[in-house]
Structures are given as structure tokens and as C-alpha cells.
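I have placed the structure first, in the form of C-alpha cells, so that the comments after it can refer back to it.
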2 protein chains.
Amino acid sequence: MGFNNATQKDVAVRAGVSQTTVSIALNPESELNIPVKTVEKIQKVARELNYTPNRFAKALRTNRTQTLACIIPDIANPFYPALVKGVQRASEIYDYDVITLNTDGIKEKELHYIELAKQGRYDGLVGVFFNLEAKHFNDLAELGIPVVRLESNARAQTRQSFDNLFVDDEAAFAEITELLIQQGHRDICMISGKGGPEYLRVSGYKRAVQKANIKPFIQLEKDFNEDGGIAAMQGILRRKTAPSAIVAANDLMAIGCMKVISTVGLRIPEEIVVTGFDNIPAAQLVSPSLTTIDRFQGDIAERAAKIIIGRLNKQVIGQGQTIKQPYKIIRRNSA
Amino acid sequence: MGFNNATQKDVAVRAGVSQTTVSIALNPESELNIPVKTVEKIQKVARELNYTPNRFAKALRTNRTQTLACIIPDIANPFYPALVKGVQRASEIYDYDVITLNTDGIKEKELHYIELAKQGRYDGLVGVFFNLEAKHFNDLAELGIPVVRLESNARAQTRQSFDNLFVDDEAAFAEITELLIQQGHRDICMISGKGGPEYLRVSGYKRAVQKANIKPFIQLEKDFNEDGGIAAMQGILRRKTAPSAIVAANDLMAIGCMKVISTVGLRIPEEIVVTGFDNIPAAQLVSPSLTTIDRFQGDIAERAAKIIIGRLNKQVIGQGQTIKQPYKIIRRNSA
DNA sequence: CTGTTAGCGCTTTCAC
DNA sequence: GTGAAAGCGCTAACAG
């Protein structure tokens, strides 16, 4: 096949030094010292020959692959592309490759990828794991493979073996609910899927309404998607006359809900307002555009990747941190 | 660090054979023959020790990395996640890793990734290249790195060094325009961005309207996105009274256009109909849901990855093919 | 049919 | 300061 890439040996010959010297000169982290002059010469020759290190040889020797795994439920879910991009943005800077892996939210697959990581295929992981607990990451920690979990419910552990970046869903839902209350709404329904993020989001809503002496009204459906939103709104209309505000657990549900609302001829936001969560791209495409909460997934993921890389380079040390990340309400036309 | 993974040597010792025999036994493609009994024994031991080949050692030795690059303009563009998933689907089966790379549609980055590929970082490429010509892929072909281009305008070349999977945009736009004509529309505007896919899509539209003796009316804006759609529709309304139908060059433009339409108080589809192209997820989320054309990007990308892998395994040989892929009009509520 | 040997490109002792 | 040498785990001649 013949890739004709220049090797350290080629550089060494041309620079009149040994291959070892080239290796040391080109790896500034090395303990060993080489005179600046020699280093410069080697760098010059390396450039001339268009030398690039062979990452497989390096990986074989060092057990470092220069690749990160970005593990998410589903790249086709509109919430995740921005997250993936954040990981890529950080990784590119440090010349890490990133492999994106879909778990479909299934425990089996989540564990499978952990297994691959244990085999040394990835230097670190940043990911969203729906079904895994702290203990599943212990082996990784022992092997020196850093993990950053995203979106994980914020149960900070003592001696936690991974970092955890999370948004305070509870506070976010309390805040957006309060906003509606301030606008004068008293009949506010929350719709949500079941499981996973349900608990904290519903809690936030409940806290806000109860504080204002409003009785909570919650409509749960199976899925956190458009169909779930449709079903939820239909359920609400079956049980009572339309409320004046809907707080949806995420944007997809909100959008499904809006469809039903326009079908029955109610006007948004004049007769009923709707809010979402996630700020997916479609949120500004629908009519009226959706008022929602941005979680800055891209920024969070970028920070996560930087933490991973920092740990790999020993610039970040110590126990895993659980770090709260900001959110922001995005006012658009639906509320 | 200590990854304690079993190696061929470990398996060899335990099975009482040489390491070489293990290598041969575990690689069925090998020319060499080992008695079935020995092979089975080795497989058994390998399983017991939970042996997995070290892909970096393998890569170093064979110049085969078991990874594919999936090169796209932007994972955050809603058109691409389905495509990426298709590549992943095929790759997973054959245990290839896939690295997704964003070019932002910039020639410089497209070339950069080609360069990385030439260094042997990826065994093959499937990608969407906006700014590259046939000649840019010649080196790759010589190195034995197969490439499948997606979405490339179908200029089949003799002795083409890569495969090309494309959808016949011209035919698709002619067909959807004809559909509108059949519904009785005579005042049909096309809106499009400039450059890239503009030419073929506009051609299809033109062909259909001219065949029906309708004068083409085309509104071009800079970008193929929501803003482009908004600007285009505003431009149309400035120049004439609203047409009865809009054919948009893609879904994002269609959605932008629909926003303007509802702002000025026209009803879709009663007073004006709109069609898109791509069938992005948002197409069924907007109200009314968007009639559009599905390009089955996931299936195409899956097929592309299979071709790559087929070529790597010498199951696909010969010159690069240019293959037309199907499309399908998806009738929803906007037209 | 199976084992011995060399070596892919790199990092890392260990001598000098 | 620099070089020689070993070896990461694997495949591919080559012998036997």
C-alpha cells in the first residue's frame, strides 16, 4: 500500500542524530533535555519531511490512543448534535479523535461501550448514561480512564470516580413556572414523559405552583417526544377545559402539544401559552416560536472534553467533581 | 496503567501452541490452514481469557486502522444526523469505528481531512464534499483508501477513482412541481439559495413549469436556511401578489417561508401551498406539517459504508460507480 | 500444518 | 546530552 510517511528514523538520518533524540525533541513533555539548537534543527527537518507521528505506534507503546468516546443515546435526537459538536470542538484543539457512539438509551449498550473503553480503545469518555450507576465506572477509574457524565441527576457522591456536569432541572422548571405565574397564569398544567428526567422537572414545577397556592396538575405520558406531547394535551382536554398555560418537560413534547392546541382552534399565546425545555433547533422553527430553556449543551460538552483531556495530562487531578452548569430561559412567542 | 488484556501470547501458552498459530486461527481470512480441532481449541481458550485483538498493534502492522471517517459539513445541520447514523449502522456490523468530521463546507477543512486520510488514519471515507473535484481523490485511490461521495452532482467520469451515490435532484424537483400543476396551481414560485445544489433543483422546477407553459418565477437568496426562506418570501411579496404555490429548495427555506406566510395572514394550504426537500425531522414538527421529499440519507449512507467496507475486503472491485438513489415525495399538510 | 524470526514506529530504560 | 537496545502486540515470510 505504501503510505510513505516520514518516520522518526527518516528525520533522524537527515538531521544527523539518533532516532531516540528525535523522539525526545519532538515530545516536549519529556523529562530529558536536549539543547534548544538541536531541537530546532530536528523540528526544521521534521517540517521539511512533513513528519507526522504514527498514532498507532504511539498507542501501542503508551496505551494512549488519542481518541475520546462521546456516548449518547441517539445522534438523531435533536438534542444531541450540539453536544457532540462541543466535544469535537475541544478535542480538535488537542488533536484527539472522537468516536460518537449511540446507546439508544439501552443499558446493555451503555455497558458494552464501557467494556470497549476498558479494553483501552478510548482514552476517556464523555457521555450521557441513563441506566448506569457510580459503581459501573470504578474499573475505568482504576485503569486511569477519565469519565465525565452529562445530564446525570446531581447526586454527588463522596469519593466519586468520575466528573459530573449537570443542569439544575428542578430550579429551571421552578423558574419558568414562576415566570408564568408572574404573568398572571393560575391554571398551569405540566406535561411530562415517565421516568428519567421526570422527577426533577416535575418537582420544580410543583414547588413553584404550590408556593403560589396553586394546585399542581400533571399529565404524564410514556415518551418524552412529540407523540407524548400530543397524547398529553389530548388527555388534558378530555379531563378539563383548556388551562391557560402548559409547561412541557421538553421541546418535543411542547411541539406535539402545540399541534393539538392549534387543531382545536385555540390561539397561542393569546388563549394558551406553552413552554419547552432544551432549546432544540426546531424550537425556533415552529410557529409560534417556542419559549424554552437553553441548557448550553455544546458548552457543557466542550467543558467536559476539556476536563477529560486535563485529567489525561494531569492538569486536573483529584476526585471527581459534581458541577452545576447554567441554564437560561429563552423568551420567544409561545409564552 | 495495566490494561491486563489477554494477548495472543497468553492464549498461545494456555492452548499449548505458538503465538503465530493463534494469530492464524483467529484470522479466518488467512491463507494458511489449521485443523478445525486446533482452531476450536484456540477459540475456546480465547473466549475463556476474554481475548480481544489489540487494534493498535494490528494497525501498526497492517496499516489498517479499522476506522472509517464520515465527513460532513455540520452535524448540527438537521440533515446530517440521519446520514451519520447510517454510516454507524453499517460500520458497527463489521466492527469498524467511525469518526465524524465537520468541514463547515469549507474547502480548506475538506482538504485537511483528506490529508489526514492520506496519512493512513482512516481506512476509508464516506462524505459530502462541497468544494472538491475528482482529482483531489486520486492520491487516496492510489493508496488504496476507498472513498464514497454523497450528494455529489452526478457527473459520472470515466475511470473515476471513487464511488458516488446521488439523488436525482432535477427529477425530484420536476416531479414535485408537476404534482402542484396537477393540483391546478399555475402561479408557482421557486425559492432557493445560491450555488451548490441550486442549479439542478431550479432546473427541475423550470423543466416542469415550462412543459405546462407556465413562466418560471425564481427567487434566489444567499443561504439555504430559514433566514434565506424568510428573505425569499419577503422578496416575493414585495414584487408581486402572493403566488398560489412555493417550491422551496430545501426544508429549512420552506419553514422560513411558512413563517412569513403566516405573519401576513395567509392560510396554508388553503390560500398558498409550500413544499420542501430533505425531510428533516422538523418537517413534521411544524404546523402545518411540511410536504417534502425524502432522500433516505440514512439508507444511502449505510449503503456507502458497505461499499467502502466491501472494497476494503476486495468484495467490491473495479472502477468507481456513480449510482442513482431513490427519493420519495412525502405528502403532509402544507401542500 | 506449525513454529521461528523479523519488524511495523514509537517510547523508555540504561549506558556512555 | 545522546545513542543503543528492548519491546508494546501483531502479521507475514520462511523453514521445517
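Chain identifiers are assigned alphabetically (A, B, ...) following the order of the sequence lines, protein sequences preceding nucleic acid strands; residue numbering begins at 1 within each chain.
- Screening A:Ile308, A:Thr67, A:Asp123 against A:Tyr96 for a side-chain contact (heavy atoms from CB on, under 4.5 Å) leaves a single residue, A:Asp123.
- The side chain of B:Gln19 places no N or O atom within less than 4.0 Å of a non-bridging phosphate oxygen (OP1 or OP2) of D:dT11.
- Once rounded to the nearest 0.5 Å, the distance linking CD1 of B:Ile309 with CD of B:Gln66 reads 8.5 Å.
- Rounded to an integer number of Å, the gap from CZ of B:Arg64 to C1' of D:dG9 is 19 Å.
- For D:dA12, the base has a donor-acceptor partner in the side chain of B:Thr20 [N/O atoms by modelled type, under 3.5 angstrom].
- Taking every side-chain heavy atom of A:Thr7 into account, C:dG9 is the closest of D:dG3, C:dG9, D:dG1.
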Checking side chain to side chain donor-acceptor pair (under 3.5 Å) for the pair A:Ser18/A:Thr21: CA distance, chi angles, key distance, verdict? CA-CA 5 Å; A:Ser18 80; A:Thr21 308; 3.0 Å; yes

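- Mapped onto DNA chain C by nearest heavy atom, B:Ala57 and B:Pro35 fall at different nucleotides, with B:Pro35 at the one closer to the 5' end.
- For A:Lys58, a side-chain nitrogen or oxygen approaches OP1 or OP2 of C:dT11 to under 4.0 Å.
- Straight-line distance from the CG atom of B:Leu60 to the P atom of C:dA6: 18 Å, rounded to whole Å.
- Between A:Lys9 atom NZ and C:dC8 atom P the separation is 6 Å, expressed in whole Å.
- Look at B:Asn63 and you won't find any side-chain N or O under 4.0 angstrom from OP1 or OP2 of C:dC8.
- One finds a salt bridge joining B:Arg121 and A:Asp95 here, because a Lys/Arg side-chain nitrogen approaches an Asp/Glu carboxylate oxygen to under 4.0 Å.
- In this structure, A:Arg55 places its CZ atom 13 Å from P of C:dT11, rounding to the nearest Å.
- In this structure, A:Ile34 reaches the sugar-phosphate backbone alone: every heavy-atom distance under 4.0 Å involves primed, P, OP1 or OP2 atoms, never a base.
- The minimum heavy-atom distance between A:Thr65 and A:Gly120, with the atom names listed, is CG2-O, 3.2 Å.
- Straight-line distance from the OH atom of A:Tyr51 to the C1' atom of C:dG9: 8 Å, rounded to whole Å.
- Under the 30°/60° scheme for interplanar angles, the aromatic rings of A:Phe137 and A:Phe129 are found to stand perpendicular.
- Remark: P of D:dA12 and CD of B:Gln8 are 11 Å apart, rounded to the nearest angstrom.
- For B:Ile24 and D:dC10, the CD1 to P distance is 14 Å, given to the nearest whole Å.
- In terms of modelled atom types and a separation under 3.5 Å, the side chain of B:Asn102 and the main chain of B:Ile75 share a donor-acceptor contact.
- Among the nucleotides C:dC8, D:dG3, C:dT11, the one closest to the side chain of A:Thr62 is C:dT11.
- Interface remark: the B:Ser18 side chain does not form any donor-acceptor pair with the C:dT4 base, using a distance-only criterion of under 3.5 Å.
- Of the possible donor and acceptor atoms, none in the side chain of B:Arg14 sits under 3.5 Å from a partner among the backbone N and O of B:Val45.
- Nearest to the side-chain atoms of A:Asn54 among the listed nucleotides C:dT11, D:dG1, C:dG9 stands C:dG9.
- Rounding to whole angstrom units, CZ of residue B:Arg61 and P of D:dC10 are separated by 13 Å.
- The rotation axes computed at either terminus of the helix from C:dC1-D:dG16 to C:dC16-D:dG1 lie 40° apart, taking five pairs at each end and rounding to 10 degrees.
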